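Notes to accompany the following structure.
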Amino acid sequence: MQRGRLQELDSIRGLAAISVVLYHYFYRYNEIYGHQQIDTDWIAFGHYGVQLFFIVSGFVIYWTLERTEKPADFLISRFSRLYPVFWVSAALTFILVSLFGLPGREIQFVDALKNALMFHERLHVPHVDGVYWTLTVELTFYCFIFALYITSNLRHVTKFFLVASILSTLSSLGVVTINQPYFDILIFEHIPFFLAGICLFKITRKDKVHENYAIIAAAIVSTLITHSFNASVFFALSVVFFILSVNGRLPFMKSRPLVFIGSISYALYLCHQNIGYMIINHAYAHGLSPLSGIVFSVILSVLLAIALTYCIERPALRAIKKSITPIKIRQRAGRLLPAVLRAYRQQN
């Protein structure tokens, strides 16, 4: 992996986050509540930013597992990365929505507690924030990857996911029948994007380059059938953009503002939607222009994301890592001590 590659991955996350935020504040808000005299069609494609996140996840998680010594290390790193800031974001969103109201998006306290699992969608529990459906998808993907890892089948990951993509395609064509609950649980609809991310990582490592390009092409064709023509075009463009970015062909992808947005993108994704909708609603109620409400929403969401990243996410990562380190030291000492004793006895 070339130096500076992580900066470009952060920038890709940043662009994905920006597209999703603008999509929600313009297009999606207009669908739910209605904007007044404002064009929203220009950002209709913004929801594809979620698929871009999935591609990045496929790339990064496979890379992470290549550097993981033990299964526990992966579980701890994923937990510390995902859950602490998610819990705080969900709690903050629930409290603000309960206090200030958001028609159609208020839920019961018990359901909010169930959201803490991050698997709540599988239990048909309403979301504290609508964007949390993607977290269930991400977590399911991590479980699949982890299962392949602990069974020493990670090297076959592209084959497993390619089969899943083929089954998804055949199901859409009516060739095979997969009941909807199984279709959802196995995240067949989203597998092609994760698969592309894994293949892109392998391509950067010069590992079976032509084979992985062929698998990506198959994944794109799959989305043409299972999703739409527009989705497959955006998917193909995202792959090209990803390749150009990680190979240093797009210098602007190292710009500090973009890298910074990428560094807070997870927190921004978690806290922006319902809180932003509330701000826009109140802007309308006070006679402000639609753009004023959107600008205030963007500013507050970014400020919240910065606070969550630097006050919750990163401290939690450091604290959990610090608490685990003594355990690792004791484990290594436990392995080293018998060897030292044997060497001492041999000399004496």
Side-chain angles (χ1 to χ4, degrees), residues 6 9-29 32 43 45-61 78-94 96-97 102 105 112 115-121 126-142 187 190 193-194 197 234 238 242 257-280 294 297-314 316-317:
L6 278 175
L9 289 177
D10 272 338
S11 292
I12 293 172
R13 288 192 189 99
L15 288 174
I18 291 169
S19 69
V20 171
V21 168
L22 293 180
Y23 169 77
H24 283 143
Y25 290 169
F26 282 92
Y27 193 88
R28 186 64 179 144
Y29 182 92
I32 300 171
I43 194 63
F45 70 91
H47 70 280
Y48 291 125
V50 171
Q51 282 72 49
L52 190 53
F53 274 126
F54 290 161
I55 294 172
V56 174
S57 290
F59 187 100
V60 172
I61 292 305
R78 290 301 89 198
F79 173 83
S80 59
R81 172 75 172 87
L82 295 177
Y83 277 94
V85 69
F86 166 66
W87 286 335
V88 175
S89 298
L92 180 62
T93 300
F94 174 76
L96 291 176
V97 169
L102 188 61
R105 303 213 156 217
N115 270 240
L117 297 172
M118 209 181 282
F119 266 121
H120 57 281
E121 183 165 322
H127 303 290
V128 169
D129 194 302
V131 299
Y132 292 171
W133 71 268
T134 63
L135 302 180
T136 301
V137 173
E138 289 269 1
L139 208 56
T140 304
F141 167 67
Y142 294 162
I187 61 170
H190 311 290
F193 306 107
F194 293 112
F234 184 85
S238 296
F242 199 104
L258 202 51
V259 172
F260 176 74
I261 292 297
S263 70
I264 65 169
S265 60
Y266 181 48
L268 178 60
Y269 186 80
L270 292 174
C271 74
H272 80 276
Q273 188 178 31
N274 281 358
I275 293 174
Y277 288 169
M278 285 190 298
I279 295 171
I280 297 171
I294 291 172
S297 296
V298 170
I299 292 173
L300 182 59
S301 294
V302 170
L303 291 175
L304 277 176
I306 292 171
L308 289 167
T309 299
Y310 288 94
C311 298
I312 305 297
E313 182 181 343
R314 294 189 179 183
L317 282 168

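Just so we're clear, the structure is a prediction, and the values are computed from it rather than from any experiment.
- Note: Phe194 CZ to Ile187 CD1 = 5.0 Å, rounded to the nearest 0.5 Å.
- With hydrogens and angles left out, the side-chain atoms of Tyr48 and Ser238 include no donor and acceptor closer than 3.5 Å.
- The shortest side-chain heavy-atom distance between Phe260 and Ser263 falls under the 4.5 Å cut-off.
- Of the residues Leu258, Ile261, Val60, Val259, the one that meets the side-chain contact (heavy atoms from CB on, under 4.5 Å) test with Arg13 is Val60.
- When side chains are defined from C-beta on, Ile32 counts as touching Tyr277, because their heavy atoms get closer than 4.5 Å.
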With side chain to side chain contact (heavy atoms under 4.5 Å, CB included) as the criterion, how do Asn274 and Phe94 come out once you've worked through the C-alpha distance, each side chain's angles and the decisive distance to 0.1 Å? CA-CA 9 Å; Asn274 281 358; Phe94 174 76; over 6 Å; no
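- For the pair Phe54/Glu138, a side-chain contact is recorded, criterion being any heavy-atom separation below 4.5 Å from C-beta on.
- Remark: Ile275 CD1 to Ser89 OG distance equals 7.5 Å, nearest 0.5 Å.
- The aromatic rings of Trp87 and Tyr83 lie tilted to each other, with the angle between the two planes from 30° to 60°.
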Please report, to 0.1 Å, the donor-acceptor pairs under 3.5 Å made by any side chain of residues 304-313, with sequence neighbours excluded.
| residue | atom | partner | partner atom | Å |
| --- | --- | --- | --- | --- |
| Thr309 | OG1 | Ala305 | O | 2.7 |
| Glu313 | OE2 | Arg81 | NH1 | 2.8 |

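- None of Thr93, Leu92, Val97 except one satisfies the side-chain contact (heavy atoms from CB on, under 4.5 Å) rule with Val128; the exception is Thr93.
- Dense packing is recorded around CZ of Phe141, with more than 12 heavy atoms of other residues, nucleotides or ligands lying under 6.0 Å away.
- Note that CD1 of Ile55 is 12.0 Å distant from CG of Leu9, once rounded to the nearest 0.5 Å.
- Ring geometry for His190 versus Trp133: interplanar angle of 30 to 60°, hence tilted.
- Taking the six-membered ring where the residue is Trp, His120 and His127 present perpendicular rings, their angle passing 60° and hence far from 30°.
- The side-chain contact (heavy atoms from CB on, under 4.5 Å) test with Leu82 singles out one residue from Leu270, Leu139, Leu135, and that residue is Leu139.
- For the atom pair OG of Ser265 and CD1 of Ile12, the computed distance is 11.0 Å after rounding to the nearest 0.5 Å.
- Here the side chains of Tyr266 and Leu268 are not in contact, with every heavy-atom distance at 4.5 Å or above.
- Across Gly49 and Ser19, no two heavy atoms sit closer than the pair CA-OG, 3.5 Å.
- To the nearest 0.5 Å, atoms CG (Asp129) and SG (Cys271) are separated by 9.0 Å.
- A 4.5 Å side-chain heavy-atom check between Thr134 and Phe53 finds every atom pair outside the cut-off.
- Nearest heavy atom pair, residue Val298 against residue Val21, reads CG2-CG1, 4.5 Å.
- Checking side-chain atoms of Tyr25 against main-chain N and O of His272 turns up a donor-acceptor pair under 3.5 Å.
- The minimum heavy-atom distance between Tyr142 and Ser57, with the atom names listed, is OH-OG, 4.3 Å.
- Separating the CD atom in Gln273 from the CZ atom in Arg28 is a distance of 7.5 Å, to the nearest 0.5 Å.
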